[in-house]
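What follows is a set of notes on a single structure, which appears directly below.
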Amino acid sequence: MNRTTALAKIYNVKAGAHPSLPDLQGFGRREMAIEPSELVSCLIYQVGALSGFLKLHGLHLNHIKPHGAIYNQSARSLPLAQAVVEVIKVFAPHQDEDIAFVGLAGTAHQAAAEEAGVKFIPDPHVTALNDTEWFADLDYTPEGKLIATRFVPSCDQLAGTELLQGNTRPFPWTVCEKG
């Protein structure tokens with residue numbers, strides 16, 4: 001996280017958190033039964049780690065986008081989506097701090113954000129490389145489709161930066177890198 005956050009500052013990239021369920025072996029991609037209060041604690045722990053590095057580098061948290069299974073679970077469950085909003089409010093306790101909820105439009109994500117007055121940015125739930133999101137630690141087919149696997153190897157963030165700089169497509173809205 002430290003290296004990625006330092007690179008975000010160098011390249012003037014807004015940083016967001018992409019917290020997941022505590023599913024280490026499944027990399028947060030397996031659904032778990034979790035109460036909203038448990039989810040709040042889990043997400044505060046993860047976002048708090050990133051927030052420390054952001055503070056170290058003089059950056060601010062721009063958005064929170066749930067990762068993997070909790071993205072889907074919270075899209076279907078208003079109480080879980082409200083838990084994500086609660087975490088956003090922990091890290092943006094003042095009205096002038098604008099931390100967005102990046103989520104799936106027309107679902108509990110949007111409803112929870114709007115209900116609480118939190119900025120909402122719709123995410124088209126990307127499955128292919130497009131103008132919205134690029135996953136720095138995953139591979140793509142030649143057609144630009146995401147290759148999702150259970151095993152995610154570590155990646156070289158600098159190589160990812162070089163790939164983005166050499167990319168002829170429009171720059172993605174988010175670059176997702178786990179680290």
Working note: Leu56 + Thr5, criterion side chain to side chain contact (heavy atoms under 4.5 Å, CB included); need CA distance, chi angles, decisive distance, verdict.
CA-CA 9 Å; Leu56 176 68; Thr5 305; over 6 Å; no
If the test is side chain to side chain contact (heavy atoms under 4.5 Å, CB included), which one of Ile44, Leu50, Leu43, Val84 qualifies with Pro19?
Leu43
Taking all atoms of both residues into account, what is the closest heavy-atom pair of Ala100 and Ile88, and its distance?
O-CD1, 4.0 Å
Please indicate whether Glu115 has more than 12 foreign heavy atoms, meaning atoms of other residues, nucleotides or ligands, lying under 6.0 Å from its CD.
yes
Can you measure from CZ (Phe120) to CD (Gln110) and round to the nearest 0.5 angstrom?
4.5 Å
About how many Å separate CE of Met32 and CD of Glu38, when rounded to the nearest 0.5 Å?
8.5 Å
Could you walk me through whether Tyr71 and Leu104 pass the side chain to side chain contact (heavy atoms under 4.5 Å, CB included) check?
CA-CA 8 Å; Tyr71 182 93; Leu104 192 57; 3.6 Å; yes
Check the pair Val118, Lys89 against side chain to side chain contact (heavy atoms under 4.5 Å, CB included), reporting the backbone distance first and the verdict last.
CA-CA 8 Å; Val118 168; Lys89 290 195 167 239; 3.9 Å; yes
Measuring from atom CG of Leu80 to atom CG of Asn72, what distance do you get when rounded to the nearest 0.5 angstrom?
11.5 Å
The reported gap from NE2 in His63 to CD1 in Ile99 (rounded to nearest 0.5 angstrom) is 10.5 Å
Test salt bridge (charged side-chain N to carboxylate O under 4.0 Å, His left out) on Lys119 and Glu114 and set out the steps.
CA-CA 7 Å; Lys119 181 180 178 181; Glu114 289 176 355; over 6 Å; no
For Leu78 and Ala111, which heavy atoms make the closest approach, and how far apart are they?
CD1-CB, 4.2 Å
Do His109 and Val102 touch side chain to side chain, with heavy atoms closer than 4.5 Å?
no
Phe101 six-ring centre to Lys65 NZ/CZ under 6.0 Å and within 45° of normal:
no
Smallest separation among heavy atoms of Gly48 and Phe91, with atom names:
N-CZ, 3.5 Å
Go through the steps for Leu39 and Leu21 under the test side chain to side chain contact (heavy atoms under 4.5 Å, CB included), then give the verdict.
CA-CA 8 Å; Leu39 181 60; Leu21 291 170; 4.3 Å; yes
Separation of His67 NE2 from Ser74 OG (nearest 0.5 Å)
12.0 Å
Does a side chain donor of either Glu86 or Gln82 reach within less than 3.5 Å of an acceptor in the other side chain?
no
Distance in Å, Ile70 CD1 paired with Ile34 CD1, rounded so as to fall on 0.5 Å steps:
6.0 Å
Note: Thr107 and Ala75 closest approach over all heavy atoms is CB-O, 3.3 Å
Here the pair of heavy atoms bringing Arg76 nearest to Glu31 is NH2-OE2, 2.8 Å
Smallest heavy-atom separation, Val47 atom then Ala17 atom, equals CG2-CB, 3.8 Å
Would you confirm whether Lys14, through its side chain, and Asn62, through its main-chain N or O, come within 3.5 Å as a donor-acceptor pair?
no
